[in-house]
Each structure stands twice: as structure tokens, then as C-alpha cells.
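In what follows, a single structure is set out as C-alpha cells and then discussed.
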2 protein chains.
Amino acid sequence: MPQTKGGNTIDRKEKLKAFLKQRGFKSTRQRDIIADEFLKSGEHITAEEMYKKVSRKHRDIGFTTVYRTLKLLAKSGLATERVFADNLTRYEPLSAEDHHDHLICINCGSITEFEDLKLERLQEKIAGEFGFRIVTHKMEFYGYCNVCGERQRKK
Amino acid sequence: MPQTKGGNTIDRKEKLKAFLKQRGFKSTRQRDIIADEFLKSGEHITAEEMYKKVSRKHRDIGFTTVYRTLKLLAKSGLATERVFADNLTRYEPLSAEDHHDHLICINCGSITEFEDLKLERLQEKIAGEFGFRIVTHKMEFYGYCNVCGERQRKK
DNA sequence: AGGAAATTGAAATTCATTTTCATTTAACGT
DNA sequence: ACGTTAAATGAAAATGAATTTCAATTTCCT
Ligand SMILES: [Mn+2]
Ligand SMILES: [Mn+2]
Ligand SMILES: [Zn+2]
Ligand SMILES: [Zn+2]
């Protein structure tokens, strides 16, 4: 039973259905398959990657639909859009309440997540000094992960 | 005498010349003009915007040269490349030693800069807990600046 | 089942960025 | 100053991810 951030896959698919119904959108075979694959993947995945993954089993599902479904998941609150330094749009399963930031290795590309309340509070404090009301923020660290850092030191 | 971050324009143009010479690159009329306009502008400017600005006075200078010169300035350490949420590459005059982060208004687009040592230290601390060695980071706040925040409250 | 409205997927479009290539120009030695 | 060579320039073309278009298909509701 693959447990993912923010709830299990079944709960989330319910949430998607509710979202669709509420907006007058339709439940389709394609959306079901894509949401399923996506929600259990737990990655920071691009539309292209997601398309490749889905189309292995389902040749008839097109890239455009995958692309649109990921956008839809983001709008429904089940996914978050992220753009890191490579300038590709990535999606990750995430409920609206969750929040975390990222450590990105510039050597191996690994992405580590973290959550730090002190950091969030300090951000609010800094913004407050400028009379600035934060809606979202982007906090990313680029450098060497512990694996790549070790390897480098040995050289 | 327009004083810009990280030194005056003349100093910086010296630095550029040194960089060019050291690498076997050439000093050209175009590079001179573009660097001049750019260094005294002090903005977060796109290649397109910079091109428009430059080409008003110098119709013969092409977009490609502006684009390439901005990249060159970045490599020489006189400019920093930034990509904010609109996904356009912007350049700002900046010496290598300087560092600051940004508050970006999602209503009026204004960009405010700040520097916070506590924040920088906390970032190091967090990274350290993962054995992660930071090379660069991206810290951006998106929300309402004090002007737009006020206006909104009045509605 | 019937019909309106949404969805799909292939292809086309957009748009910033980057590359190509023929021509021009700067730098250096003579 | 002159010639040589390598770099720079600028127009145009290419790239590539993101987005839109549109005819055909599917879903949803009565
Ligand atoms: Mn994440
Ligand atoms: Mn800045
Ligand atoms: Zn790594
Ligand atoms: Zn504002």
C-alpha cells in the first residue's frame, strides 16, 4: 500500500472527482489513469516524463492530455507546480496544506525536501519589515548533496 | 555621478576590459555602449528590454549582440542572471561579492531587494543538517508590496 | 437514446533563448 | 600604416518547452 504525502491515493482520487464534479468537468478514463500514476509516483516529474511513464501502458494517451491533466491536478490542489534551475515545469503530489522547500544537488540532480518552521517565521518577519504580505515563496538550495560532497572531497 | 551597487561605472568598465583581455576577447564599440547603459541602469532587466533601450540611440546594434553581451557581463562577474516567476531571464548589475534576495509584488511587479544575515546563517544550518553544501540559493517572496497591500485593504 | 458540452490527441503555434553563418572588425606583429 | 588572424556582429534560422487550435470522440444529464 503505497503511502504518499498528504494522504493515500484513494482519498486523493476522491478529492479529484469532487473537484471535477464541482466545476462541471468530466471524469474520464485518461484522467483516471494519469492521476493514478502521478499520485503514486511521488516524484518531481515533468509532463514529458509523466507522458513517457503513462504511455508505456497506454499508447493511446497523448502528451497533451497528460500535460493538461497535470495542470488540472495543480488547480484541484492535488499537485504543485515547481520550476527549478533547469527551467522545466515539474509536478509533485501535494495537498494544499503541505509546504516544504528543496535541496537540489547540482552534481547528481537529487532533490531533498525539508520543512523548517524557523525559516518560515523568519521569512514572515523579514517581509513584515517591508510591509510586504507574502503569498508564496521560493526557497531552493543548490549545491552538493552529502553523497556528492563526500565523493568530491576524496579526489 | 550615478553611483551603482558594487562600485561606479568607470571601475566596472575597467573590470570588464581586464576580463576581456585576460580571456583573449575583444573590446568593441557595441560592448562598450551596452555595458555602459546596463551598468548605470541598475534594474532587473531582460535582454529584450535592454535591446530596446540601447537601440533607441544605436539603431545598428542588434538584439543578438545585446543578448550576448549580457551573458558576457554575467560571466565576467559584473552582472547576475535572475529568473523570477515570469520565467524571463533578467540581468542586474552586481559585483561577485554582493548578495541579496527579492520581494516581488504579484500585483504591480515591483522588486524590492533585501539582505539578511540571519536568514543566510539559518540556511547554512538547515543545509548542514543534511550534509548538504550550498553553492547558491534562490530565495524569493511573492506577494503584495506595501503599496498594493494598502490599496487592497481599502477595497 | 438524444443532445449539449467537455475532452481528447495530433498538429500547429508561440515565444524566449540559442545557434548558424557570412560579413565585418579589432588586435597584434611586421 | 598594412596584412593576417581570430573574434565579434547581426540577420535569420533553429530549438524546445509550453500552450492553443480544431475536428473527432466521449461523458453527462434528462
Ligand atoms: Mn517537493
Ligand atoms: Mn536584485
Ligand atoms: Zn548529489
Ligand atoms: Zn505592488
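Computed over heavy atoms, backbone and side chain alike; hydrogens, waters and symmetry mates excluded. So that the names make sense, note that chain A is the first sequence line, chain B the second, and so on, each numbered from 1. Since the model is a prediction, treat every value here as computed from it, not as a measurement.
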Problem - Nearest-angstrom distance from the residue atom CD of B:E49 to P of C:dA16 - result: 11 Å

Problem - Selection: residues 71-84 of chain A, any non-hydrogen atom under 4.0 Å of DNA chain D - result: A:K71

Problem - Residue pair B:L119, A:L119: steps toward the side chain to side chain contact (heavy atoms under 4.5 Å, CB included) verdict - result: CA-CA 7 Å; B:L119 180 61; A:L119 180 61; 3.4 Å; yes

Problem - B:E113 versus B:H100, side-chain donor and acceptor atoms under 3.5 Å - result: yes

Exercise for the section: Give, ordered by number, those residues of residues 26-37 of chain A having at least one heavy-atom distance below 4.0 Å to an atom of DNA chain C; if nothing qualifies, reply none. Expected result: A:K26, A:T28, A:Q30, A:R31

Handout entry: A:R90 side chain to A:T46 backbone, donor-acceptor under 3.5 Å
Key = no

Problem - For A:H137, all residues meeting ring-ring contact (aromatic ring centres under 6.0 Å, His included), sequence neighbours excluded - result: A:H99

Problem - Side-chain ion pair, A:E120 and A:K118, N-O less than 4.0 Å - result: no

Handout entry: Rounded distance in Å - CG (B:L70) to P (C:dA16)
Key = 15 Å

Would you mind writing out the side-chain donor-acceptor pairs for residues 55-66 of chain B within the sub-3.5 Å range, not counting sequence neighbours?
unit_1: B:S55; atom_1: OG; unit_2: B:Y51; atom_2: O; d: 2.8
unit_1: B:S55; atom_1: OG; unit_2: B:K52; atom_2: O; d: 3.3
unit_1: B:D60; atom_1: OD2; unit_2: B:R29; atom_2: NH1; d: 3.3
unit_1: B:D60; atom_1: OD2; unit_2: B:R29; atom_2: NH2; d: 2.2

Exercise for the section: Using ring-ring contact (aromatic ring centres under 6.0 Å, His included) as the criterion, list what pairs up with A:F114, not counting sequence neighbours. Expected result: A:F141

Handout entry: Rounded distance in Å - CD (B:E48) to C1' (C:dC15)
Key = 10 Å

Practice task
State which residues pass ring-ring contact (aromatic ring centres under 6.0 Å, His included) with B:F38; sequence neighbours excluded, sorted by chain then number.
Solution key: none

Practice task
Decide if atom NZ of B:K17 counts as having more than 12 heavy atoms of other residues, nucleotides or ligands within a radius under 6.0 Å.
Solution key: no

Handout entry: Sub-4.0 Å heavy-atom contacts from residues 50-60 of chain A onto DNA chain D, ordered by number
Key = none

Fill in the blank from the handout: In short, the helix from C:dA1-D:dT30 to C:dT30-D:dA1 is bent end to end, axes from five pairs each side, to 10°, by 30°

Handout entry: Between C:dT18 (C1') and B:R68 (CZ): distance, integer Å
Key = 10 Å

Exercise for the section: Please state whether the phosphate of C:dT18, meaning OP1 or OP2, lies under 4.0 angstrom from any side-chain nitrogen or oxygen of B:Y67. Expected result: yes

Completion exercise
Contact span of DNA chain D against chain B, any nucleotide atom under 4.0 Å from a heavy atom, 5' to 3', runs D:dA6 to D:dA12

Handout entry: Carboxylate-amine/guanidinium proximity below 4.0 Å for B:K71 and B:E81
Key = yes

Problem - Verdict with supporting geometry, A:L78 and A:F19, side chain to side chain contact (heavy atoms under 4.5 Å, CB included) - result: CA-CA 10 Å; A:L78 294 174; A:F19 175 83; over 6 Å; no

Practice task
Take the protein atom NZ of B:K21 and the nucleotide atom P of C:dA26, then report the distance between them rounded to whole Å.
Solution key: 15 Å

Fill in the blank from the handout: Sorted by chain and number, sequence neighbours left out, side-chain hydrogen bond (donor to acceptor under 3.5 Å, both in side chains) with B:R82 holds for B:E92

Problem - With B:Y91 via ring-ring contact (aromatic ring centres under 6.0 Å, His included) - residues at least two apart - result: none

Exercise for the section: Report the distance from atom CG of B:L88 to atom C1' of C:dT14, rounded to the nearest whole Å. Expected result: 14 Å

Handout entry: Under 3.5 Å: donor-acceptor pair, side chain of B:K138, backbone of A:F84
Key = no

Problem - Given DNA chain D, 5'-ward residue of the pair A:R90 and B:T69, judged by closest heavy atom - result: B:T69

Problem - Rounded distance in Å - CG (B:N87) to C1' (C:dC15) - result: 11 Å

Under 3.5 Å, which donor-acceptor pairs link side chains of residues 126-136 of chain A to any protein atom two or more places apart or in another chain?
unit_1: A:R133; atom_1: NH2; unit_2: B:Q152; atom_2: OE1; d: 2.5

